[in-house]
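Since the model is a prediction, treat every value here as computed from it, not as a measurement. Residue indices begin at 1 and follow the sequence shown.
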Amino acid sequence: MANMSTLPAEGQILVNIEDMSMLKDIKKAISMVKGVGKITLPRRKRYSSYERSLRDLDEGRVFEYDSLDDLIKEIEG
């Protein structure tokens, strides 16, 4: 008696792409492979302006000035 196993009806492959400028070409190449049904990309989480501000604080993208005049001098060059 032969041992028979069934293959799953559907599977997934995760591909990490280092150069995002090649994404369109990679999607086109993968779609040409026989058996590929649909290509989906995960959506990035959209941050609110408050969440972006907190990330700026955490990552040091915040500047402090002693006065408004100091800020204006910095902007003017």
*Would you mind listing every salt bridge (Lys or Arg N to Asp or Glu O under 4.0 Å) that reaches into residues 65-77, with sequence neighbours excluded?*
none
*Which pairs, with at least one residue in residues 15-29 and sequence neighbours excluded, count as a salt bridge (Lys or Arg N to Asp or Glu O under 4.0 Å)?*
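Checked against salt bridge (Lys or Arg N to Asp or Glu O under 4.0 Å) - neighbours excluded - no pair reaches residues 15-29.
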*Who are the salt bridge (charged side-chain N to carboxylate O under 4.0 Å, His left out) partners of R61, not counting sequence neighbours?*
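Salt bridge (charged side-chain N to carboxylate O under 4.0 Å, His left out) check on R61 returns D56, E59.
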*Among residues two or more places apart or on two chains, list those pairs meeting side chain to side chain donor-acceptor pair (under 3.5 Å) that have a residue in residues 32-41.*
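Applying side chain to side chain donor-acceptor pair (under 3.5 Å) to every pair that reaches into residues 32-41, excluding sequence neighbours, yields nothing.
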*Taking a hydrophobic cluster as the set of Ile, Leu, Val, Met, Phe, Trp and Tyr residues connected by side-chain heavy atoms closer than 4.5 Å, whether directly or through intermediates, do M22 and I13 fall within one such cluster?*
yes
*Can V62 be reached from L68 by stepping across I, L, V, M, F, W or Y side chains whose heavy atoms are under 4.5 Å apart?*
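No; tracing contacts between hydrophobic side chains, which count when under 4.5 Å, never links both residues.
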*asked:* Checking K45 now: which residues fulfil side-chain hydrogen bond (donor to acceptor under 3.5 Å, both in side chains) with it, not counting sequence neighbours?
replied: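 Here the qualifying residues are E51.
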_Once rounded to the nearest 0.5 Å, what's the spacing between atom CD1 of I26 and atom OG of S21?_
8.5 Å
*Any chance you could measure L71, atom CG, to F63, atom CZ, to the nearest 0.5 Å?*
11.0 Å
*Going by heavy atoms in the side chains, are L41 and L23 under 4.5 Å from each other?*
yes
*Residues in side chain to side chain contact (heavy atoms under 4.5 Å, CB included) with S49, at least two apart?*
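Listed in chain order: R52.
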